[in-house]
Each structure stands twice: as structure tokens, then as C-alpha cells.
Novice: 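Before I ask anything, let me first share the structure, which is written out below as C-alpha cells.
In what follows, every heavy atom counts, from backbone to side chain, and hydrogens, waters and symmetry copies are set aside.
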Amino acid sequence: MPIVQQGQINPIGSNVPNWWVQIMQPSAAPIVGAQSNVSALVGTASWGPVNQIAYGGGIADYKAQFGPIMPRKYDMGAHVTIQGMQGASMFMFVRVTDGTDTSATGTITAASAADATAIALAINSGQSSIRGASALINASANNAVVTLSSKYTGSYGNNTAISVATGTRLNTTKVTVSMPGRNVETFDNLGAASATVASITLAGGTDGYTGVTSTSLVGVDGTNRTGMYALRKSGAAVVSLCDADDSTQWASQAAFGLGENCYVIGTGPAGDTIANAVSTKNTAGIDNWCFRLQFGDWTYFNDTDNGLIRLVSPQAAIAGLRAAYAPHLSLLNRPMQGIVGTQRNGLPGTSVTRPYSDADLLQLANAGIDVISNPSVGGNFFSSRIGHNTSSNPLTRGDNYTSLTNFIAKSIGGWSGQWVGKLQTIDQRRQAKAGLDGFFASLQNQGMIGAVNGGPAFWTKLDAGNNPLSQVSLGIEQADVKVQYWSVIETFLVNVEGSQATVIPSGAPVPAAQ
């Protein structure tokens with residue numbers, strides 16, 4: 001007379017009188033929207049894990065894991081800063097190097113070989129019930145010498161200070177590890193004798209930066225993934241390879257965007273010309289709704305950490321806006337923050353300003369290349385002037401199409417797995433269809449989809465009509481969905497007729513007498 005879980009009892013085959021309690025599972029889980037605000041960056045840094053995903057909410061988290069903003073090409077810190085100015089607040093970071101990066105190192109001398117082993121063990125494994133392993137350094141012991149190395153490669157590890165002092169308990173040693181921007185770590189009451197009081201700073205850490213190229217940022221796919229490919233199956237919504245301006249690498253980025261259902265933001269080289277950009281893009285053969293290409297008119301921002309105004313590729317502002325805005329919204333004409341100029345517009349107070357003409361913009365738009373400009377169509381601010389990805393299809397080239405389509409696909413994909421392994425029954429079909437209907441009704445209620453001229457914004461079908469027995473017998477169940485997105489206004493037309501002979505239509509409002 002047990003209590004069982006749903007499906008664990010066959011009452012038809014129970015020939016012995018008995019009672020059973022079968023705990024039923026809740027009805028099918030609803031579709032939960034996928035995250036559309038995660039921005040993933042691939043670039044260089046002066047510390048931190050290499051070719052591994054790290055997570056953060058902004059520049060403070062970045063600095064704690066990867067060190068300061070570095071005034072150089074491919075630096076992730078500058079991009080994180082600018083993206084944060086646009087409102088982005090959920091990040092994935094992947095650091096790359098050229099393979100020559102080294103860890104900062106140093107040594108301390110313990111009172112004995114046993115004490116050296118105790119110190120190294122505490123640093124590497126933590127102290128039971130007291131603290132965990134060090135997040136800043138690794139240690140190894142050889143006789144009485146303890147060799148310390150920064151947890152990660154990079155020049156920022158050269159700021160790691162280690163002090164050795166007498167422990168709190170008699171005849172023990174205390175080791176303190178500190179690094180700017182990180183919590184101080186203390187390992188107390190180590191060994192069986194006091195070590196010589198000393199202070200050292202690790203040295204010899206290098207970034208492995210000088211040989212980094214756009215190819216390094218794209219990386220290698222396979223078992224040991226590097227660069228961009230470290231983001232496989234990560235769920236990132238927006239991906240940017242910081243300042244990767246090599247056109248020979250665009251195709252790999254575009255293919256990654258399609259394969260991973262994410263929006264990859266690419267860029268042309270700084271100081272590019274429109275003619276060269278169009279020719280290069282055509283040669284590259286990029287026509288992809290998951291890849292957006294920014295014209296090589298790079299943006300200036302005020303790098304307060306390094307005390308200078310410097311150039312950063314337009315990827316940063318675009319990726320930050322895309323991650324900050326809801327997926328159904330276009331970036332067209334959205335004001336950008338923190339941009340103080342572009343190569344084309346120059347800096348405030350200079351005479352370099354060369355606004356884009358309509359002919360300039362037409363060439364870029366026809367080629368599937370976007371650009372940041374000021375003035376924008378809506379006023380004197382920096383914004384995305386075209387709002388397109390690189391697709392030549394007018395129904396899929398809007399950047400809202402990319403984001404909303406990927407959001408819908410990922411959301412349904414995360415929900416669909418619960419049906420695999422279940423029996424295809426009428427009740428199951430009803431539950432699955434109800435899940436789809438509920439999800440799209442929520443999107444419509446939130447104003448993310450809609451039919452501006454009236455009528456339903458979505459349609460779903462999951463019944464015998466699209467599931468014939470020949471298909472069902474193969475274990476296949478099919479649901480069909482159609483969704484109407486809002487149209488983005490790219491041209492606002494006002495027809496004005498005025499003359500002394502113009503006839504005003506009947507029913508027009510009559511202004512009140514003055």
C-alpha cells in the first residue's frame with residue numbers, strides 16, 4: 001500500500017486489492033523567456049583566465065577579474081565601460097592572448113621544509129573551517145622555499161604583494177596576500193615554527209598581447225575551444241570581438257551567429273572609406289541576419305582611467321545598446337551615451353566635422369553596413385543611423401528581427417525538451433499548444449508583437465491536421481507557429497497640400513474662434 005510517483009503503478013495490472021496514492025506532477029511547465037540582455041565580449045586583458053567564460057555585471061566586476069582598462073587595441077575593459085554607459089549590465093568575458101603570456105612569480109623562505117609544505121597546502125587548498133584556497137596565487141614547496149605564482153598570467157599580477165609574519169598562535173607563520181581591487185587574503189597559524197618576516201611583490205607577469213590579432217579573437221573550434229568559440233552553447237545574446245577589424249574573419253563570426261542564435265557585431269578598420277568598406281564587404285560575401293557590420297568610423301570616448309580621450313571601435317556602443325534594449329525594439333535613432341566624437345565627426349571644438357550626406361548613407365545602407373553618426377535623424381545626438389544587420393532581405397535586415405527571432409527561438413527551444421519521451425496523446429497536444437499560445441499571448445500583452453491594422457498577432461497549430469499518422473508513427477510531433485512583428489518606422493512621410501484653392505475635407509476639425 002505505497003505512495004508512488006506518477007507513472008510508477010499500473011492499476012489495470014494490479015490483481016491484489018490495495019490502495020495507492022499516486023503523486024501527480026504539475027501540468028506542463030510554461031515557456032520561460034530566454035535571456036536577451038547578455039553581452040559576450042572577446043578581447044585582451046592584463047590578468048584573468050584565458051579562453052574561459054567569466055561573468056560580471058559591469059566594469060567593477062571586470063576589473064576585479066581582469067585588471068584595469070588598458071589603452072590599446074582589442075582591450076575588453078574599454079568595451080565593457082562603453083557598453084555599461086548604454087545600459088548593458090550582464091556580461092560574459094573571454095580573454096585571449098598570443099600564447100606568450102606569463103605569470104608573475106616570487107619566493108618566500110619558511111622555517112623548514114615541513115612548514116613550507118604547510119604554507120603551500122593552505123594557499124592551494126585553504127584552511128579547514130577557516131578559509132578557502134587563495135583566489136590570487138598558487139604555491140609550491142621545495143625544501144624550505146615556497147614558490148608563489150599569480151593565479152593567472154598577465155602584467156597586473158605584478159601588483160600582487162605577499163607579506164610573511166609571525167602567526168597569531170605561538171611558533172606559527174602568517175601569510176597575507178593582497179592585490180589592488182581584490183580582498184586581502186590571510187593564512188594564519190601555519191606550520192610549527194615562525195618564518196622570517198619578509199615582504200615581496202610578484203614580478204615577471206606578461207600579458208601576451210603584442211601578437212594578438214583578429215584571428216586570435218575568433219580562435220579555434222574543437223575540443224579545446226579558444227576565443228569566440230569558447231562561447232559555444234553559452235546562451236549569449238550579443239557577441240562582439242573587441243576591435244576585430246579584419247574582414248577575412250567576418251565570415252567565421254557570421255557563421256557563429258547563425259549557429260549559436262546570437263547577434264554578432266562586427267567592425268571595419270578605423271579610418272575606413274565608404275568605397276573601400278562597400279568593396280570589402282562585397283568581397284567578403286556577407287549576407288547574414290545574425291551579423292551586423294559597423295562602418296570603420298571609430299568612436300572617441302573619455303577614458304578617465306588612463307586620462308585620455310581615445311578611439312574604440314563602434315562595436316562597443318552598438319553591442320551595449322542591443323543588450324540593454326528589449327529584443328523587439330530597433331536600435332535605429334536611439335541616443336548613445338559616453339560617445340564624445342567619431343573620426344568623421346571629430347571631437348568637440350575641432351573643425352574636422354564631416355556629416356554624412358544622403359548619398360553616403362545610401363551607399364552604406366545598400367551594402368548592409370551600419371554607421372554611428374551625429375546628427376541623427378531624430379536630432380543632434382550619436383546613434384545608429386540605419387539600424388540594419390547585413391541581410392539583403394528587407395524582411396530580415398532590421399536588427400530587431402535578429403534579436404526578437406533569436407529570443408523566440410531560444411525560449412521555445414528551452415521549453416520543448418520536456419515533451420521528448422512522453423506519449424503523443426490528445427491531452428499532450430492540448431497542453432503543448434496551450435504552452436505556445438500562452439507564451440505568445442504574453443508577448444502580445446507586453447507589446448512585443450502585434451498586428452497594427454487589427455487581427456491576431458500570432459497563430460499556432462498542433463493537431464491531426466499537421467501531424468498525420470505517417471509522421472506520428474515515426475515519433476515526430478510538429479507544431480506550426482506564425483508571428484507578426486511590429487514594423488519599425490524607417491521612413492515617416494507627411495503629404496502636405498496647401499494653396500488658396502485647397503479644399504478641406506468635410507468633417508475636419510474646426511479651430512475654436514480666437
Novice: Could you tell me whether the side chain of Thr160 and the main chain of Thr201 form a donor-acceptor pair under 3.5 Å?
Specialist: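 Between the backbone of Thr201 and the side chain of Thr160 there is no qualifying donor-acceptor contact (under 3.5 Å).
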
Novice: Is a side-chain N or O of Thr342 found less than 3.5 angstrom from the main chain of Asp297, in a donor-acceptor match?
Specialist: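 Such a contact is absent between Thr342 side chain and Asp297 backbone.
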
Novice: Determine whether Tyr156 and Pro68 make a side-chain contact, defined as any pair of heavy atoms from C-beta on separated by less than 4.5 Å.
Specialist: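 Touching, per the 4.5 Å side-chain cut-off.
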
Novice: Begin from the C-alpha positions of Glu185 and Asn183 and carry the test side-chain hydrogen bond (donor to acceptor under 3.5 Å, both in side chains) through to its verdict.
Specialist: CA-CA 6 Å; Glu185 301 175 345; Asn183 293 330; over 6 Å; no

Novice: Less than 4.5 Å apart, any side-chain heavy atom of Leu217 and any of Tyr74?
Specialist: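 With C-beta onward as the side chain, the pair touches.
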
Novice: Looking at Tyr209, is Arg72 sitting on its ring face, NZ or CZ under 6.0 Å from the six-membered ring centre and within 45 degrees of the normal?
Specialist: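 Ring-cation test returns yes.
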
Novice: Taking only Lys NZ, Arg NE, NH1 and NH2, and the carboxylate oxygens of Asp or Glu, determine whether Asp480 and Lys433 approach each other closer than 4.0 Å.
Specialist: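 Here Asp480 does not pair with Lys433 in a salt bridge, since their nearest N and O are not under 4.0 Å apart.
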
Novice: Got a donor-acceptor contact below 3.5 angstrom from the Thr280 side chain to the Ala277 backbone?
Specialist: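 No, because the side chain of Thr280 does not come within donor-acceptor range (under 3.5 Å) of the backbone of Ala277.
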
Novice: Do Tyr485 and Thr405 have side-chain heavy atoms sitting under 4.5 Å apart?
Specialist: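 When only atoms from C-beta onward are counted, Thr405 and Tyr485 do touch, with a gap below 4.5 Å.
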
Novice: Under a 3.5 Å distance rule, please check whether Trp289 uses its side chain to pair with a backbone N or O of Leu395 as donor and acceptor.
Specialist: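 No, because the side chain of Trp289 does not come within donor-acceptor range (under 3.5 Å) of the backbone of Leu395.
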
Novice: Between Gln363 and Ala275, is there a donor-acceptor pair closer than 3.5 Å when you use the side chain of the first and the backbone of the second?
Specialist: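 Such a contact is absent between Gln363 side chain and Ala275 backbone.
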
Novice: Verify, without hydrogens or angle tests, whether Gln484 (side chain) and Pro456 (backbone) share a donor-acceptor contact under 3.5 angstrom.
Specialist: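 Not confirmed, Gln484 side chain does not pair with Pro456 backbone.
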
Novice: Side chain to side chain donor-acceptor pair (under 3.5 Å) with Asp370: which of His388, Arg292, Arg385?
Specialist: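 Only one of His388, Arg292, Arg385 forms a side chain to side chain donor-acceptor pair (under 3.5 Å) with Asp370, namely Arg292.
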
Novice: For Arg397, is there any backbone N or O sitting under 3.5 Å from a side-chain donor or acceptor partner on Asn389?
Specialist: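 The answer is yes, because a donor-acceptor pair under 3.5 Å joins these two groups.
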
Novice: So, the side chain of Asn158 versus the backbone of Gly205: is there a donor-acceptor pair under 3.5 Å, distance only?
Specialist: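 Yes.
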
Novice: Report yes or no: does Arg334 contribute a side-chain atom to a donor-acceptor pair with the main-chain N or O of Ser383 at less than 3.5 Å?
Specialist: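 No, the answer is negative, given that no donor and acceptor are paired below the 3.5 Å cut-off.
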
Novice: Short question: side chain of Ser214, backbone of Asp245 - any donor-acceptor pair under 3.5 Å?
Specialist: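 A pair under 3.5 Å: yes.
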
Novice: Would you verify whether the NZ or CZ of Arg310 falls within 45 degrees of the ring axis of Phe301 while also being under 6.0 Å from that six-membered ring's centre?
Specialist: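 The answer is no; the distance or angle limit is not met.
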
Novice: Stepwise, does the side-chain hydrogen bond (donor to acceptor under 3.5 Å, both in side chains) test hold for Thr100 with Asp98?
Specialist: CA-CA 6 Å; Thr100 65; Asp98 62 9; 2.6 Å; yes

Novice: Within this structure, what is the CD1-CG distance for the pair Ile339 and Asn302, rounded to the nearest 0.5 Å?
Specialist: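 Going from the CD1 atom of Ile339 to the CG atom of Asn302 covers 11.0 Å.
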
Novice: Is any side-chain heavy atom of Phe291 less than 4.5 Å from a side-chain heavy atom of Leu258?
Specialist: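 No, too far: nothing below the 4.5 Å cut-off.
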
Novice: Any chance you could measure Ile309, atom CD1, to Tyr300, atom OH, to the nearest 0.5 Å?
Specialist: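 Between atom CD1 of Ile309 and atom OH of Tyr300 there are 9.5 Å.
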
Novice: Determine, stepwise, if the pair Thr153 / Arg95 fulfils side-chain hydrogen bond (donor to acceptor under 3.5 Å, both in side chains).
Specialist: CA-CA 11 Å; Thr153 62; Arg95 177 192 172 204; 3.2 Å; yes

Novice: To the nearest 0.5 Å, how far apart are CE in Met179 and NZ in Lys151?
Specialist: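 These two atoms lie 12.5 Å from each other.
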
Novice: Please tell me whether Trp47 and Phe66 form a close aromatic pair, meaning their ring centres lie under 6.0 Å apart.
Specialist: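 Between Phe66 and Trp47, which both carry aromatic rings, the centre distance is not below 6.0 Å.
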
Novice: Begin from the C-alpha positions of Asn333 and Ser376 and carry the test side-chain hydrogen bond (donor to acceptor under 3.5 Å, both in side chains) through to its verdict.
Specialist: CA-CA 6 Å; Asn333 207 30; Ser376 299; 4.6 Å; no

Novice: Can you confirm whether more than 12 heavy atoms, excluding those of Gln446, are under 6.0 Å from its CD atom?
Specialist: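 No - once you tally the heavy atoms of other residues, nucleotides and ligands closer than 6.0 Å, there are 12 at most.
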
Novice: Ring centroid separation for Tyr55 and Phe91, is it under 6.0 angstrom?
Specialist: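 No, too far apart.
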
Novice: Counting neighbours of NZ on Lys482 that are heavy atoms of other residues, nucleotides or ligands and sit closer than 6.0 Å, is the number greater than 12?
Specialist: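 No - once you tally the heavy atoms of other residues, nucleotides and ligands closer than 6.0 Å, there are 12 at most.
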
Novice: Side chains of Leu311 and Thr299: does their closest heavy-atom pair fall under 4.5 Å?
Specialist: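 No - every pair of side-chain heavy atoms lies 4.5 Å or more apart.
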
Novice: Within the structure provided, determine whether Val238 and Ile265 are in side-chain contact (heavy-atom separation under 4.5 Å).
Specialist: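 Yes, at least one pair of side-chain atoms sits under 4.5 Å.
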
